[in-house]
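Along the sequence shown, residues are numbered consecutively beginning with 1.
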Amino acid sequence: MIGPLARWIMRRATTLMTNSEYSRGELARNAGITDVEVVHHGIPDPFGSLPDGPREPIALTVSNVAR
């Protein structure tokens, strides 16, 4: 089960990503979260390399959902 704090954080994230349809299904079943992007390993970036110049600051959180 996903704890209340993790659920609260995930519902407020602008984007949630996982690497499989199975993980997306687990989020839907256990947390009721369905707006999740699946990004598979080894797929080339369709948008190419990052542009030169200043970049907008971002935050990336990587986590594991486990009992």
Side-chain angles (χ1 to χ4, degrees):
M1 294 298 293
I2 298 172
L5 180 59
R7 192 176 295 110
W8 184 85
I9 291 168
M10 287 188 280
R11 286 200 172 124
R12 281 149 184 81
T14 55
T15 304
L16 289 176
M17 296 184 298
T18 186
N19 65 343
S20 70
E21 294 294 335
Y22 177 82
S23 295
R24 183 195 322 225
E26 288 292 295
L27 285 167
R29 282 187 290 281
N30 294 315
I33 298 170
T34 57
D35 188 18
V36 179
E37 296 290 326
V38 176
V39 180
H40 298 286
H41 297 293
I43 303 298
D45 183 0
F47 303 107
S49 61
L50 293 173
D52 293 331
R55 295 186 179 95
E56 179 180 335
I58 62 168
L60 172 65
T61 302
V62 179
S63 179
N64 180 30
V65 178
R67 289 185 181 170

Asker: Throw together a table of side-chain donor-acceptor distances under 3.5 angstrom for residues 32-39, partners on residues two or more places apart or in other chains.
Answerer:
none

Asker: For Ser23, give me all partners under side-chain hydrogen bond (donor to acceptor under 3.5 Å, both in side chains), at least two apart in sequence or on another chain.
Answerer: Thr18, Ser20
Asker: Just to verify, what does Arg29 make a side chain to side chain contact (heavy atoms under 4.5 Å, CB included) with, not counting sequence neighbours?
Answerer: Tyr22, Glu26
